[in-house]
Amino acid sequence: MDAVVLLDGGFLKRKYRSYTKKDITATEVETIAKNVIASMSFSCKSYRVSYYDCPPNGDTVNLRISSAKQDFSKNPQYKRLSDLLQDLKHLDNFAVREGTLSFEGWRLKDNLIDKNGLVQTQYLGDDDFLPVLKQKGVDMKIGLDMAWVSYERIAEHIILITGDSDFSPAVKTARRKGVFVPLFTLG
């Protein structure tokens, strides 16, 4: 195989939304991956794209103030993100590698806190809080797959699409094994 594309889905979704002000679709993910491959200086006849992301959190949790139940799976984002992952799984040359998204509690919205860190309202309601969701396992899978591809000589090139600098050790490992690793930050 000529190249393996390792695509950090959380990064791509944020970057795409900041430029277009809309949510990304599976077709757009595929187009971006193909455009990155086409931009390479080497000829790429065979490739595989691994898309790394977490399925949306579908937990039911208690709201911060009222303790009423909130079901995250009823949020429109839940269906949209679930559909995105399912659509990507059906694309040719694509694999979806999933981590987990865990609920870690609640935090005050930024607009309610002044520059001194003081809350700017006397009465707080459920709408004044945002859920804290933490991604787990995605970066580890990207790093492990980089090592696996390079040690097993599965591809000559690993194209990494991310904005995360945590992958430096994995990139160095792949390069030591003779695999060329260009980094795309979509900047």
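All heavy atoms count here, side chains included; hydrogens, waters and symmetry mates do not. Remember, predicted model here, so these are calculated numbers, not experimental data.
- Heavy-atom neighbours of Lys177 NZ from other residues, nucleotides or ligands within 6.0 Å: above the threshold of 12.
- The closest donor-acceptor contact from the side chain of Arg175 to the backbone of Val181 lies under 3.5 Å.
- Between the side chain of Ser46 and the main chain of Asp2, a donor-acceptor pair closer than 3.5 Å is present.
- Counting heavy atoms from C-beta on, the side chains of Asp128 and Tyr123 never come closer than 4.5 Å.
- Counting all heavy atoms, side chain and backbone alike, Arg48 lies closest to Ala95 at NH2-CB, 3.4 Å.
- Lys69 has its side chain out of reach of Val61: every pair of non-hydrogen atoms, C-beta onward, lies at least 4.5 Å apart.
- Here the CG-CG distance, from Asp145 to Leu6, works out to 6.5 Å after rounding to the nearest 0.5 Å.
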**Message:** For Phe167 and Leu183: C-alpha separation, side-chain torsions, deciding distance, then whether side-chain contact (heavy atoms from CB on, under 4.5 Å) applies.
**Reply:** CA-CA 10 Å; Phe167 299 113; Leu183 172 65; over 6 Å; no
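- Atom CD of Gln77 is separated from atom CG of Leu84 by 11.5 Å, given to the nearest 0.5 angstrom.
- In this structure, Leu12 and Ile24 have side chains that are in contact, with non-hydrogen atoms separated by less than 4.5 Å.
- A distance of 7.5 Å separates CG in Asp8 from CG in Asp53, rounded to the nearest 0.5 Å.
- For the salt bridge (Lys or Arg N to Asp or Glu O under 4.0 Å) test with Asp23, the passing option among Arg14, Lys13, Arg80, Lys79 is Arg80; the others fail.
- Taken from OH in Tyr51 to CD1 in Ile161, the straight-line distance is 11.0 Å, to the nearest 0.5 Å.
- Leu108 places a side-chain heavy atom less than 4.5 Å from the side chain of Phe129.
- Remark: side-chain polar atoms of Lys109 are not paired, donor with acceptor, to backbone N or O of Leu130 under 3.5 angstrom.
- Under the 3.5 Å distance criterion, the side-chain polar atoms of Asn75 are left unmatched by any main-chain donor or acceptor of Phe72.
- The main-chain N or O of Val49 is never found under 3.5 Å from a side-chain atom of Asn93 such that the two would form a donor-acceptor pair.
- Rounded to the nearest 0.5 Å, atoms CG (Asp127) and CZ (Arg64) are 14.5 Å apart.
- Between the Asp126 side chain and the Ile65 main chain, a donor and an acceptor come within less than 3.5 Å of each other.
- Checked by atom type and distance alone, the side chain of Thr20 pairs as donor or acceptor with a backbone atom of Lys22 at under 3.5 Å.
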**Request:** Apply the test side-chain contact (heavy atoms from CB on, under 4.5 Å) to residues Ile37 and Val5: give CA-CA distance (whole Å), side-chain angles for both, the deciding distance (0.1 Å), then the verdict.
**Result:** CA-CA 8 Å; Ile37 292 167; Val5 178; 3.7 Å; yes
**Prompt:** Given Ile142 and Leu160, is the side-chain contact (heavy atoms from CB on, under 4.5 Å) satisfied, shown in steps?
**Reply:** CA-CA 9 Å; Ile142 293 173; Leu160 181 60; 3.9 Å; yes
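- Test Lys89, Lys141, Lys136 against Glu98 for salt bridge (Lys or Arg N to Asp or Glu O under 4.0 Å) and you get one pass: Lys89.
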**Request:** Apply side-chain contact (heavy atoms from CB on, under 4.5 Å) to Val36 and Ile159, showing your working.
**Result:** CA-CA 8 Å; Val36 166; Ile159 302 169; 3.6 Å; yes
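- Taking CE from Met140 and CG from Asp166, the interatomic distance works out to 10.5 Å, rounded to the nearest 0.5 Å.
- Using a 4.5 Å cut-off between side-chain heavy atoms of Ile, Leu, Val, Met, Phe, Trp and Tyr, with links allowed through other members, Val96 and Ile32 fall into the same hydrophobic cluster.
- The shortest side-chain heavy-atom distance between Thr173 and Tyr151 falls under the 4.5 Å cut-off.
- A 4.5 Å side-chain heavy-atom check between Met40 and Phe180 finds at least one atom pair inside the cut-off.
- Nearest heavy-atom pair across Pro55 and Leu101 is O-CB, 3.7 Å.
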